[in-house]
S.K.: 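The structure follows.
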Protein chains: 2
Amino acid sequence: MAEHPHRHPTAPRDWVDGHVDRWQPVLPELDPDIEGAVTRMQRLVRHLGRVREQGVAEHGLHKHEFDTLHVLAGRGGHAAPSDLRTDLNLAPASVTGRLEALERRGYISRTPSTEDRRKVDIVLTDAGRAAWHEALDVVGREEHRLLGVLTVEERRTLSDLLRKVMLVQEAGG
Amino acid sequence: MAEHPHRHPTAPRDWVDGHVDRWQPVLPELDPDIEGAVTRMQRLVRHLGRVREQGVAEHGLHKHEFDTLHVLAGRGGHAAPSDLRTDLNLAPASVTGRLEALERRGYISRTPSTEDRRKVDIVLTDAGRAAWHEALDVVGREEHRLLGVLTVEERRTLSDLLRKVMLVQEAGG
DNA sequence: GCACTGTATTTCGGTGACGAAATTTCGGCA
DNA sequence: TGCCGAAATTTCGTCACCGAAATACAGTGC
């Protein structure tokens, strides 16, 4: 039977339900709810990423450019490359590449730090702040469209359940 | 006040709670539960990806290689590139690249389909199936460790809420 | 002052992913 | 039959990312 045993037989099914059904005979030890939740998170995150890419493109930015400006703005407009490395979860080499591109476009400035000369001071320029701010409202619109189907209580339940999982991850293994 | 207004004041807080608090003054229109849920999904997905990458590496595979073999095995060991394209959410060009690498390693075979000559029959070889099977039990262990903190009912609730969101995404804009 | 260890950043070489365009084949329709 | 739009796959050019090594500097111990 392809139906989830505890759901209403006519409840709408998404792509992942079919995915889980296909795997059930191959890997019977699979928990349908764990597999379903993880797979849905993966696909939702990927979808939101694509939409953001496409949305900020209308403002002349790429997703990774916007993300970089975003964390920079979140830090008050000035930071060191190593700060961005942790916030963006990037390899050091990748930060350099992003900053070079943003500097060429005039969105940030890079000056050697006087206080610690290993460091580099990254400052968001006025142009950079303007670009970030223009693209800002596009981001989050899709998140609201998708999660908007949930009631306020459901949204809080979702967030709370995910927090519970996050805490296990943060505690480490 | 940094506390979420409806949660118990001493409830444990994860990294995302702090993240939301930091952005709240900058972007007051932000819904904490939407932002929290989305951010947590993003970080959980990235974490699971890293663990999977590291886990299958012990068996001489990369994450994207394992994922490809996994989907192929899930379809009974034979499929067309376009099947993988949808299952893996990839651009057509990326599928070709992955298949070429797997073919070089002897894990799959590619033969032009006789029935529809636009298509290509991809078949999992014995070596490919063995590689997949060896790495298999590593994958999913972390998912169970993390989502295992939730009760059976909570897991189903989580999966159901995410399905509700997925259906909106699948319906399109 | 000098060696040593650790940190910050960049450079280099290589790989995977993507969009766009080309190629081959299918399926319908005149 | 012969054409034509659609579908499946590959090729091509480009780009961001990563790991590892290189460079430059800071801080500590002697």
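Every chain is numbered from 1 and lettered A, B, ... according to where its sequence line falls, protein lines coming before strand lines. Basis for what follows: all heavy atoms, side chains included, without hydrogens, waters or symmetry-related copies.
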S.K.: Return the value, rounded to whole Å, for the distance between atom NZ of B/K119 and atom P of D/dA6.
M.R.: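 That distance rounds to 18 Å.
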S.K.: Please identify which of these residues, A/R104, A/R98, A/R105, meets the salt bridge (Lys or Arg N to Asp or Glu O under 4.0 Å) condition with A/E65.
M.R.: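 Single pass found, and it is A/R105.
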S.K.: Which residues, if any, of residues 98-117 of chain A bring a heavy atom under 4.0 Å of DNA chain C?
M.R.: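 Output list: A/E100, A/R110.
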S.K.: Rounded to 10°, tell me the angle between the two end axes of the helix from C/dG1-D/dC30 to C/dA30-D/dT1, each built from five pairs.
M.R.: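 It comes to 0° between the two terminal axes.
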S.K.: Given 3.5 Å as the limit, does a donor-acceptor pair link the side chain of A/E170 with the main chain of B/W15, or not?
M.R.: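 Checked: pair present.
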S.K.: Expected output is a numbered-order residue list: members of residues 48-72 of chain A with a heavy atom under 4.0 Å from any atom of DNA chain D. What is it?
M.R.: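 Residues of residues 48-72 of chain A under 4.0 Å from DNA chain D: A/H64.
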S.K.: What distance do A/R129 atom CZ and A/L136 atom CG have between them, rounded to the nearest 0.5 Å?
M.R.: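 Going from the CZ atom of A/R129 to the CG atom of A/L136 covers 11.5 Å.
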S.K.: Hey, is CD on B/Q54 packed in by over 12 heavy atoms from elsewhere, all under 6.0 Å?
M.R.: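 Check fails, neighbour count at 12 or below.
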S.K.: A/T125 side chain to A/Y107 main-chain N or O, any donor-acceptor pair under 3.5 Å?
M.R.: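 Between the backbone of A/Y107 and the side chain of A/T125 there is a qualifying donor-acceptor contact (under 3.5 Å).
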S.K.: With the side chain counted from C-beta on, respond yes when A/L158 and B/L162 share a heavy-atom pair under 4.5 Å apart, and no when they do not.
M.R.: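 A/L158 reaches B/L162 side chain to side chain.
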S.K.: Mind listing the residues from residues 82-95 of chain A sitting with a heavy atom below 4.0 Å of DNA chain C? Number order is fine.
M.R.: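 Within this stretch, A/S82, A/P92, A/A93 sit under 4.0 Å of the strand.
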S.K.: Are more than 12 heavy atoms, taken from residues, nucleotides or ligands other than B/D137, located less than 6.0 Å from that residue's CG atom?
M.R.: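 Above 12, so yes.
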S.K.: Do A/L48 and A/L146 come within less than 4.5 Å of each other through their side chains, counting heavy atoms only?
M.R.: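 SC-SC contact between A/L48 and A/L146 confirmed.
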S.K.: So, using side-chain contact (heavy atoms from CB on, under 4.5 Å) as the criterion, who are the partners of B/R118 when residues are at least two apart?
M.R.: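 Residues passing side-chain contact (heavy atoms from CB on, under 4.5 Å) with B/R118: B/D116.
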S.K.: Working to the nearest 0.5 angstrom, can you tell me the gap between A/D67 CG and A/L84 CG?
M.R.: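 Interatomic distance, A/D67 CG to A/L84 CG, rounded to 0.5 Å: 11.5 Å.
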S.K.: Please list all pairs meeting side chain to side chain donor-acceptor pair (under 3.5 Å) that have one or both residues in residues 69-79 of chain A, counting only residues at least two apart or in different chains.
M.R.: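 Those involving residues 69-79 of chain A are A/H70-A/W132, A/R75-A/D87.
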S.K.: Quick check: are there more than 12 heavy atoms from other residues, nucleotides or ligands sitting under 6.0 Å from NE2 of A/H144?
M.R.: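 Count over threshold, so yes.
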S.K.: Confirm from the modelled atom types if B/R118 and D/dT9 form a donor-acceptor pair under 3.5 Å, side chain to base only.
M.R.: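 Flag unset: no donor-acceptor pair detected.
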S.K.: Give the minimum heavy-atom separation between B/P81 and B/L99, together with the two atoms involved.
M.R.: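 Here B/P81 and B/L99 meet closest at CG-CD1, 4.1 Å.
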